[in-house]
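Have a look at the structure below, then the notes.
Fair warning: this is a prediction, and the values are worked out from it, not measured in the lab. Counting starts at 1 for both ligands and their atoms, following the listed order.
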Amino acid sequence: MANKIASIEEVSGKTFDFVVIGGGVAGCVLASRLSENPGVTVALLEAGNAHFDDPLITVPDGWMKQMFNPEYDWVFRTTPQKHAKNGVTTPDGLQHESFFWTRGKGLGGSSCTNFLFWIKPHREELEAIENLGNPGWNWERFFEASKRSEIYTRTQGSNFPQYSETYKETSVGTSGPIPVSFARTVSGIEPVFQKSLEALGVPINDDGTGGNLYGTFKSMSTIDGRTGNRSTAASGYLVPALSRPNLAVLTGAYVRRLLTKIEGGVVATGVEFEHDGKIHTVNVSREALLCAGTIKSPHILELSGIGDKNVLEPLGIPVQLDLPSVGMNLQDHVIFTGSVVSMKEGHDFVTSDTIRLPEVQAKLGKLYGNDGSTIALASSGVTFLPAQVISERVDALAETIERKLASEDEMMPAGLKAQYEHQLRALKDRNIPDMELVIFPVNIHPTGPPKPLAGIFPVLGHPFSRGTIHTGSNDPKDQPLIDPNYLGEDIDFELLVDSFKFVRKAMATSEWHTYGQGELLPGPEVNGEELREHVRNCVSTTWHACGTCSMLPKEKGGVVDPNLKVYGTKNIRVADLSTLPLLTAAHTQAITYAIAEQAADIIKLDHGL
Ligand SMILES: Cc1cc2nc3c(=O)[nH]c(=O)nc-3n(C[C@H](O)[C@H](O)[C@H](O)COP(=O)(O)OP(=O)(O)OC[C@H]3O[C@@H](n4cnc5c(N)ncnc54)[C@H](O)[C@@H]3O)c2cc1C
């Protein structure tokens, strides 16, 4: 496949109709969809390598060996955080004030390194995005685009058949490029947790992929049920398009900035990038399409002089367009990772530890008929719940936010007010999930003989805290300053604490005790202030950050309009997760594929393609 990658001579100094920046989820979708028309030329610039047929990517749990490896991971770090520490899921297991932010580097981007959950958002969350001032970005259009990106494939066999695979046929796509399935090898802890939650009145959701997330269910995974391999944006969208003569895909191409002129607005004329230590340009005849993700898309805009002049001028970056919203409105799912349980032996539970054992591999191989396909573990146990189900003090907690809204605080941007109003509505609604409980059958720092251990981690689906990503220098090679402001709003912290108490309630049921052994972290004796401290010190990202190039009306903090065009520019669009203005509780890859599919529709329509 390597010979299908363009040479530098085929791109440097050449002109393309569309230059796509970043070959991750959004970039692969756009490059593929736009080059379907043989009449247009498309160049895709990706900083990382191709990684085709790399077993660390094709084998679903290969992500464990990719993380923190700079060949696959950008290994971003946040600025030191005031209100939370990154604990447990750090490379050394220690607590750090600066959080580790993995991001996939190479064709396919983070779809090559993510944890494979394939989850569509809740219907009302999409409606909120339209109501924020984005006509057409509603559930119906999302659902159609999302189904267009996927093909549901059936898996042969399962090591825990009692863990039900619930979905409706009308909720899944049947002919898209990304094969998804219910993973056949799961830990087996999921059905135990489901039963424990059922005892607390939490329903099993019979169609978690159809716009209603409420309840507990086995999530689909980006695994091809026919082969057991990971599906990525590269394998699904890009590889089948590589032979097109109108598509040039260049890897090892680190984009530094857009080259622009002013002609009735900012016009991108080219893209400057580094390849093999040399600086090159590629010319743009129609559009520059930023798909470098939530961290790097705003960074590239700022390096190109598009951003807040108060950020750019002190760094000596000539301002092309004063757009103060670039890099603002950063939101991320915060996960409490300090909840680890051990399960009783003798029930065939499979975890990242035990799956390595030859006897476990042999047993699973026999179960699946020794068909030679990949045997790898996937996380799939998710539960989405309204905060009202988890905590009795939601209304009291919401008051601090309500007071802020009522205070007519001039410092509070209009766009944030509108977002908070939607978040409060969701928080008070007993049917819209705000929190996730996820089973993570991974012993993060294994020592000693393999044991059936798992994390049961609560996740904040709709955080109120907002952060920023800005360039800290005029050198494109420097990492941007990432400040997620984790737990900056108290309500975020309090909901995490209450969610963990809810996990403990589930672990107190007889359904759990039949199989569960004990709470290793923090340990049953940890309560009160000590527990609160533990929660604050054991937080992680779920790598779902969005919002830094928000699609919103300009006066409400928008960077792009509903056609994904950067305000004040003629031919620059952003089409990746950074455009999502309000984080959905669902994991974010399905929505990114759908954003990019819709972006391709919009661009084709605009250019009559
Ligand atoms: C560790 C991890 C686990 C995750 N788990 C899940 C999960 O289980 N389920 C789920 O739904 N979502 C998950 N996600 C999130 C999901 O992968 C993202 O929502 C999705 O990949 C976002 O797509 P994107 O196109 O915006 O960015 P990406 O897919 O990250 O793509 C950005 C691309 O741009 C390239 N790039 C960046 N800067 C430059 C530059 N200057 N020049 C050239 N190229 C550049 C990058 O190398 C990358 O290829 C996870 C993410 C991570 C990192």
Check: [Y] main-chain N/O paired with [X] side-chain donor or acceptor under 3.5 Å:
| X | Y | result |
| --- | --- | --- |
| Thr471 | His299 | no |
| Thr113 | Ser110 | no |
| Ser304 | Ile300 | yes |

For Phe142, is the NZ or CZ atom of Lys120 found under 6.0 angstrom from the centre of its six-membered ring and inside 45 degrees of the ring axis? no
Top protein contact for [atom], by heavy-atom distance:
| atom | result |
| --- | --- |
| atom 20 (C) of ligand 1 | Val25 CG2, 3.9 Å |
| atom 31 (O) of ligand 1 | Gly24 CA, 3.2 Å |
| atom 17 (O) of ligand 1 | Asn114 ND2, 3.1 Å |
| atom 25 (O) of ligand 1 | Ala26 N, 3.0 Å |
| atom 24 (P) of ligand 1 | Thr592 CG2, 3.9 Å |
| atom 47 (O) of ligand 1 | Glu46 OE2, 2.7 Å |
| atom 13 (C) of ligand 1 | His544 NE2, 3.5 Å |
| atom 53 (C) of ligand 1 | Thr102 O, 3.3 Å |

Can you label the angle between the [X] ring and the [Y] ring as parallel, tilted or perpendicular, going by 30° and 60°?
| X | Y | answer |
| --- | --- | --- |
| His280 | Phe273 | parallel |
| Phe440 | Phe457 | tilted |
| Tyr486 | Phe99 | tilted |
| Phe115 | Trp543 | perpendicular |

I'd like to know if [X] contacts ligand 1, where contact means a heavy-atom distance under 4.0 Å to any ligand atom.
| X | answer |
| --- | --- |
| Pro476 | no |
| Gly104 | yes |
| Ile300 | yes |
| Gly27 | no |

Applying a 4.0 Å heavy-atom criterion (strictly less than), which segment of [X] is in contact with ligand 1: side chain, backbone, both, or neither?
| X | result |
| --- | --- |
| Thr588 | both |
| Cys291 | backbone |
| His299 | neither |
| Ser379 | neither |
| Lys296 | side chain |

Have a look at Ile5 and tell me which of Leu44, Thr251, Asn49 forms a side chain to side chain contact (heavy atoms under 4.5 Å, CB included) with it. Thr251
Here's a test for you: under side chain to side chain contact (heavy atoms under 4.5 Å, CB included), which of Thr90, Thr541, Thr89 qualifies with Phe100?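 So the option named by the test is Thr90.
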Considering only heavy atoms of [X], which atoms of ligand 1 have at least one such atom less than 4.0 Å away?
| X | answer |
| --- | --- |
| Leu116 | 7 (C), 8 (O) |
| Leu577 | 19 (O), 26 (O) |
| Leu45 | 43 (C), 44 (N) |
| Ala253 | 42 (N), 43 (C) |
| Gly106 | 47 (O), 49 (O) |
| Gly109 | 29 (O), 48 (C), 49 (O) |

Would one find an N or O of [X], backbone or side chain, under 3.5 Å from an N or O of ligand 1?
| X | value |
| --- | --- |
| Thr113 | no |
| Val255 | yes |
| Ile21 | no |
| Ser578 | no |
| Gly293 | no |
| Phe117 | yes |
| Ala47 | yes |

Would you mind checking if Arg141 and Glu144 are paired as a salt bridge, meaning a charged N to carboxylate O distance below 4.0 Å? no
Presence of salt bridge, Arg573 and Glu287, under 4.0 angstrom: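 Yes.
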State, with a plain yes or no, whether a side-chain heavy atom of [X] is found less than 4.5 Å away from one of [Y].
| X | Y | answer |
| --- | --- | --- |
| Pro441 | Ser379 | yes |
| Glu302 | His470 | yes |
| Leu107 | His51 | no |

Indicate, with yes or no, if the rings of Tyr152 and Trp118 have centres closer together than 6.0 Å. no
Scanning both residues in full, the closest heavy-atom pair of Leu289 with Leu34 reads CD1-CD1, 3.5 Å
The one among Phe76, Trp74, Trp543, Phe115 that brings a heavy atom closest to atom 37 (C) of ligand 1: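 Checking each option, the heavy atom nearest atom 37 (C) of ligand 1 is found in Trp74.
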Start with the C-alpha gap between Arg230 and Ile57, add the side-chain angles, then the distance that decides, and say whether side-chain contact (heavy atoms from CB on, under 4.5 Å) holds. CA-CA 7 Å; Arg230 176 192 282 266; Ile57 289 171; 4.1 Å; yes
